[in-house]
**Student:** 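Handing you this structure, nothing more for now.
Note that ligands are numbered from 1 as they come in the structure, with each ligand's atoms numbered from 1 the same way. For clarity, every value in this text was computed on a predicted model and none was experimentally measured.
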Amino acid sequence: MTNPASQPTVQLLDEAAGGQPLSFPPGFLWGAATAAYQIEGAAAEGGRTPSIWDTFSRTPGRTVEGHTGDVACDHYHRFRDDVRLMAELGLKTYRFSVSWPRIQPGGSGRANQEGLDFYRRLVDELLENDIEPWLTLYHWDLPQPLEDAGGWPARDTASRFAEYAALTHTALGDRVRYWTTLNEPWCSAFLGYGSGVHAPGRSNGAEAVRAGHHLMLGHGLAVQAMRAARPDHEYGITLNLYAVSPQHDTAADLDAARRIDGLANRFFLDPVLRGEYPADVVADLREVTDFGHVHDGDLAVIATPLDVLGINYYSRHVVAAPVEGVEPEPYWRAASNWPGSEQVRFVTRGVPVTDMGWEIDAPGLVETLERVHREYPEVPLAVTENGAAFVDEVVDGAVHDPDRVAYFDAHLRACHQAIASGVPLRGYFAWSLMDNFEWAWGYTKRFGMIYVDYDSQLRIPKSSARWYADVIRRNGLAAE
Ligand code: IFM
């Protein structure tokens, strides 16, 4: 398979102009993504021990209807059938995550052979079907004992993560070339420790900021350890980035947008790609933390060069200034995703939304890709997640999901536009291969191209799956 990081940027003609089909560069990596806790199930099998998501989802009131990932899509037992479905789609690559507590139960010590064997079998099945495995080391399932020892706000967790990354890499590095350290550290830090709507469910702004730093430190340490062992592989991190706009072109709304862009995007982009925290974000957080948790040398580790930056894109934040006269809650009392900027208002524009209530904004993807390419040192990019939840129904054994097709189509056109403008975009992963456990929403939100009947575990490819197979086959989109 072509190595995306070494492909030259391909300048495409604006084929869209004539209503012609849009073709993507040769070797473009067409993929789909999932994550361990969301699909595997088998929570207590093969030596796996609880992660923070097992604890959180089993705590009453934390997830819709008390849903847990105990069984999920039962992928642990059905992975061969799932890989067959991927092959039918024609996927060139599959992005999955490995479960830390399956590989290193309890979060320290030797690797668990049964856990490694499961992923070896999965990877071998993929390779036999000519599907390139793209492995994510951390998609939110911190072993519970590490949380009990302080979790991500504790510095030691970064070293534990690097140790686990090295163990996994030693075992699977002979057959997996693409390694992503973290998926969406913003969610781990700010949803997990800021608002507490994700595991482990703590709400303290200072802890969220510390967690974000230690996640990035763990990322840098892991890349260094893995690259030392196999310099020829591709190492990266995946950030969930947003387009951010002010509601009105006023100084106050522009400031609100600067703040949210700072916490959502630049808090991670600047350390990882420039080796520094953005000064304005540090100033916004002055009531929350003095950044004393940042040690000399940390930022150099965090900025260890990447081979590819993964971007997950779903929507745009449109924000407005706080309402005048409303006193901000002190940060230590406000359970917020946005420490130091709790009072910024998130507004809706009345444009179409997905079943998550997220506004559909494909131009925001072009904006995001072009912005990263323009403002940061050049690094190859991949859209490692993009997709939409809609209400799906089985009718006569089939699921028709035209809204999801339209969503994918619009966002792939956005990718094409970005490539045509010079963005080195190497691949696109639809989120998700199949319906799965949508975190605090449990099984009530469906993002999959493949419908999952959770009672029978029957899989039904939706019309979006057939549409995507066609996109992959033609290496691009049909005429509009
Ligand atoms: O399901 C999640 C995924 O785990 C991380 N990115 C966003 C998806 C949709 O919410």
Side-chain angles (χ1 to χ4, degrees), residues 31-41 51-54 56-57 62-64 67-69 72-73 75 94-100 134-142 180-192 195 197-200 212 215 236-243 264-265 268 309-317 337 346 353-361 364-365 368 382-392 401 403-404 407-408 411 428-452 454 464:
T34 63
Y37 190 71
Q38 295 182 273
I39 64 164
E40 282 180 8
S51 76
I52 53 175
W53 268 97
D54 296 273
F56 185 81
S57 63
R62 292 302 205 170
T63 63
V64 172
H67 291 171
T68 72
C73 306
H75 173 75
Y94 170 56
R95 175 174 176 252
F96 62 100
S97 79
V98 295
S99 158
W100 187 344
W134 186 305
L135 185 154
T136 298
L137 284 159
Y138 186 72
H139 200 124
W140 309 352
D141 40 6
L142 184 70
T180 293
T181 53
L182 308 175
N183 181 69
E184 303 183 353
W186 182 85
C187 296
S188 302
F190 291 97
L191 299 181
S195 60
V197 300
H198 275 191
L215 280 151
I237 186 172
T238 276
L239 303 178
N240 53 318
L241 302 181
Y242 281 83
N265 299 326
F268 294 97
L309 174 69
I311 294 177
N312 291 357
Y313 176 84
Y314 287 91
S315 188
R316 178 188 299 271
H317 289 317
N337 299 336
F346 286 72
V353 296
T354 68
D355 193 36
M356 299 297 284
W358 300 344
E359 294 192 349
I360 300 172
D361 194 319
L365 177 54
T368 301
V383 172
T384 39
E385 282 181 32
N386 174 243
F390 289 107
V391 176
D392 295 313
D401 57 343
D403 290 341
R404 188 171 289 104
Y407 183 99
F408 282 137
H411 288 78
Y428 174 92
F429 293 79
W431 184 270
S432 178
L433 176 70
M434 57 184 152
D435 295 335
N436 57 50
F437 175 79
E438 177 55 21
W439 308 110
W441 292 97
Y443 299 99
T444 62
K445 303 290 176 192
R446 293 182 178 271
F447 274 91
M449 293 184 291
I450 297 172
Y451 183 92
V452 177
Y454 295 110
S464 57

**Student:** Taking only heavy atoms of Phe447, which atoms of ligand 1 are found under 4.0 Å from at least one of them?
**Tutor:**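 Under 4.0 Å from Phe447, ligand 1 has these atoms: 9 (C), 10 (O).
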
**Student:** Between Thr238 and Thr384, is there a side-chain donor-acceptor contact under 3.5 Å, judged purely by atom types and distance?
**Tutor:**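 On atom types as modelled, these side chains qualify, holding a pair under 3.5 Å.
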
**Student:** State the atoms of ligand 1, each with its element, that fall below the 4.0 Å cut-off from a heavy-atom position in Glu438.
**Tutor:**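 Heavy-atom distances to Glu438 below 4.0 Å select 1 (O), 2 (C), 9 (C), 10 (O).
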
**Student:** Please name the pair of heavy atoms, one in Tyr428 and one in Asn386, separated by the smallest distance, quoted to 0.1 Å.
**Tutor:**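 Smallest interatomic distance, heavy atoms only, reads OH-OD1, 2.6 Å.
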
**Student:** Touching ligand 1 at all, Trp358? Heavy atoms, strictly under 4.0 Å?
**Tutor:**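 So Trp358 counts as touching ligand 1.
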
**Student:** Could you tell me whether a side-chain N or O of His139 sits under 3.5 Å from a main-chain N or O of Ser97, the two making a donor and an acceptor?
**Tutor:**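 A pair under 3.5 Å: no.
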
**Student:** So if I count the atoms of ligand 1 from 1 in the order they appear, which ones are less than 4.0 Å from some heavy atom of His139?
**Tutor:**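 So the atoms of ligand 1 that pass are 3 (C), 4 (O), 5 (C).
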
**Student:** Would you say the side chains of Ser464 and Asp401 form a donor-acceptor pair under 3.5 Å?
**Tutor:**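 The answer is yes; a qualifying pair exists.
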
**Student:** Below the 3.5 angstrom mark, is there an N/O of Glu385, backbone or side chain, next to an N/O of ligand 1?
**Tutor:**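 It does: an N or O of Glu385 is found under 3.5 Å from an N or O of ligand 1.
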
**Student:** Under 4.0 Å between a Lys/Arg side-chain N and an Asp/Glu carboxylate O for Asp435 and Lys445?
**Tutor:**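 No, Asp435 and Lys445 are not salt-bridged.
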
**Student:** For Asn436, is at least one N or O under 3.5 Å away from an N or O on ligand 1?
**Tutor:**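 Among all N and O atoms of Asn436, none is under 3.5 Å from an N or O of ligand 1.
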
**Student:** Taking heavy atoms and a distance under 4.0 Å, where does Glu184 meet ligand 1: side chain, backbone, both or neither?
**Tutor:**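 Answer for Glu184: side chain.
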
**Student:** With a cut-off of under 6.0 Å to the ring centre and 45° to the axis, is Arg446 in cation-pi contact with Tyr451?
**Tutor:**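 Yes, cation above the ring, under 6.0 Å and within 45°.
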
